[in-house]
Amino acid sequence: MSAVGFIGAGKMAEAMIGGLIERRYAEADRILVSDVDTVRLADLRRRMGVRVADSNAGLVQDAEFFFLAVKPQQMEGVLDGIAPLVRESHVAVSIAAGKALADIEGRIPRARVMRVMPNIACLAGEGMNVFTCGARATEADAERLRGMLQCCGKVMELPEPLFDAVTALSGSGPAFFAYLLDGLVAGAVREGLSRDDAVVMAAQTMRGTARLLLEGRFTPSDLAAAVTSAKGTTAAGREVLERPETSDLLERTIQAAAQRSRELRRA
Ligand SMILES: NC(=O)c1ccc[n+]([C@@H]2O[C@H](COP(=O)([O-])OP(=O)(O)OC[C@H]3O[C@@H](n4cnc5c(N)ncnc54)[C@H](OP(=O)(O)O)[C@@H]3O)[C@@H](O)[C@H]2O)c1
């Protein structure tokens, strides 16, 4: 199989590369990375065994299927830099928040383009990856991408207009869940638990809850009801948590993140 490239070797690229190697989608030496940060590149090569390209242009010459894994603000410069080298045989997959397919296709007009919103849980093989296909991407391109993303967690294909919501919920979501968990842990520490024990208990509780929902055993409201007995401990906690201002806060959190995704699209 030809090499798979990553332009931008930051946190998300590392998470996805880890999945591809661990699930044996690709040998490490079939993965090619480029980045402006040469220290970072050397570190990735040492730890993961990936190959390092001398430049983004060099990467595009060696890898016909490549991910664009730079920050949204860095994308234009990267696309303009590689555009003269991109041919019809290239498949470019952007993971950048807010960058629309049409923008990317406009800058590298010969490439087949797709877009993915992954999340940081790809590091643990438990990512949520939502992808969408550009006008020139083929069914075979989509299947290849799906196979790669399955190495990093769950995969969904959705239309691009939903990507601001996807970015807000599953792209940014790990930060929101971590924040909520931190608050629950702080409460447990006040009640006497050690912080380390409380983090394990809260995270395992989050994982168990997630599994019950993903396996379809409960809807979220049925699950909450199943744990709540009248005048019990859960009911006492829910009385505080479910005040209208809290549920509004969570909704506004997602709306603010989606709004920022819309702004990045226009930037
Ligand atoms: N982190 C997440 O949880 C997450 C989730 C979903 C989607 N994403 C998306 O994933 C993308 C990457 O995010 P990240 O968190 O991995 O960012 P990151 O850690 O900052 O990685 C981006 C890397 O690209 C490098 N870079 C900058 N300009 C470049 C250029 N011209 N050519 C090649 N490399 C260049 C950066 O170097 P410097 O640091 O020196 O600039 C950095 O090493 C973003 O577009 C983000 O929207 C991230």
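We count residues from 1, following the sequence as given. The analysis underlying the following values was restricted to heavy atoms, covering all of them including side chains, and did not include hydrogens, waters or symmetry mates. Whatever order the structure lists them in is the order used to number ligands and atoms, beginning at 1.
For ligand 1, none of its N or O atoms has an N or O atom of Gly171 under 3.5 Å away. Inclusion of Asn119 in the set of residues having an N or O under 3.5 Å from an N or O of ligand 1 is not warranted. Between Asn56 and ligand 1, at least one N/O pair is under 3.5 Å apart. Looking at Arg40 next to ligand 1, no N or O pair under 3.5 Å apart turns up. Looking at ligand 1, you'll find an N or O of Lys11 within less than 3.5 Å of one of its N or O atoms. At a 3.5 angstrom cut-off on N or O pairs, Met12 counts as close to ligand 1. Of the N or O atoms in Ala97, one or more lie within a sub-3.5 Å distance of an N or O in ligand 1.
For Arg195 and Asp182, the salt-bridge test passes: some basic side-chain N is under 4.0 Å from an acidic carboxylate O. Ion pairing between Arg146 and Glu157 holds under the 4.0 Å rule for side-chain N and carboxylate O. With respect to the salt-bridge test (charged N to carboxylate O, under 4.0 angstrom), the residues Glu263 and Arg260 qualify. Under 4.0 Å is where a charged nitrogen must lie from a carboxylate oxygen, and between Glu245 and Arg243 no such pair does. Between Arg112 and Asp141, at least one side-chain N (NZ, or NE/NH1/NH2) sits under 4.0 Å from a carboxylate O, which counts as a salt bridge. Between Arg207 and Glu126 there is no salt bridge, since no side-chain N of the basic residue sits under 4.0 Å from a carboxylate O of the acidic one.
Taking 4.5 Å as the limit, some side-chain heavy atom of Met128 sits within range of a side-chain heavy atom of Lys154. Here the side chains of Ile95 and Met16 are in contact, with some heavy-atom distance below 4.5 Å.
Proximity of atom 39 (O) of ligand 1 to the protein is not indicated, since no non-hydrogen protein atom lies closer than 4.0 angstrom.
In terms of heavy atoms, Gly81 sits closest to Pro84 at O-CD, 3.7 Å.
For Pro72, heavy-atom contacts with ligand 1 shorter than 4.0 Å involve the backbone as well as the side chain. Within the 4.0 Å heavy-atom criterion, the part of Ala69 lying near ligand 1 is the backbone and not the side chain. At a heavy-atom cutoff of 4.0 Å, ligand 1 is contacted by the side chain of Gln74 but not by its backbone.
Heavy-atom contacts from other residues, nucleotides or ligands closer than 6.0 Å to CZ of Arg217 number 12 or fewer.
With no hydrogens or angles considered, no side-chain donor-acceptor pair links Asp164 and Thr167 at under 3.5 Å. In this model, no donor atom of one side chain and acceptor atom of the other lie less than 3.5 Å apart for Thr132 and Glu160.
The closest heavy-atom contact to atom 23 (C) of ligand 1, among the options Asp35, Ile82, Val70, Thr38, comes from Asp35.
Annotation for ligand 1: atoms under 4.0 Å from non-hydrogen atoms of Val78 are 30 (C), 31 (N), 32 (N). Less than 4.0 angstrom separates some heavy atom of Gly10 from each of these atoms of ligand 1: 16 (O), 18 (P), 19 (O), 21 (O), 23 (C). Every atom of ligand 1 with a heavy atom of Met117 under 4.0 Å away is listed here by number and element: 6 (C), 7 (C). Proximity to Val36 (heavy-atom distance under 4.0 Å) selects the following atoms of ligand 1: 26 (N), 27 (C), 28 (N), 29 (C), 30 (C), 31 (N), 32 (N), 33 (C), 34 (N), 35 (C), 37 (O), 40 (O).
Not a single heavy atom of Gly77 sits less than 4.0 Å from an atom of ligand 1.
The single protein non-hydrogen atom nearest to atom 3 (O) of ligand 1 is Ile120 CB, 3.9 Å, given as residue, atom name and distance. The protein atom (non-hydrogen) at minimum distance from atom 6 (C) of ligand 1 is Pro118 O, 3.2 Å. Lys71 NZ, 4.1 Å is the protein heavy atom nearest to atom 13 (O) of ligand 1.
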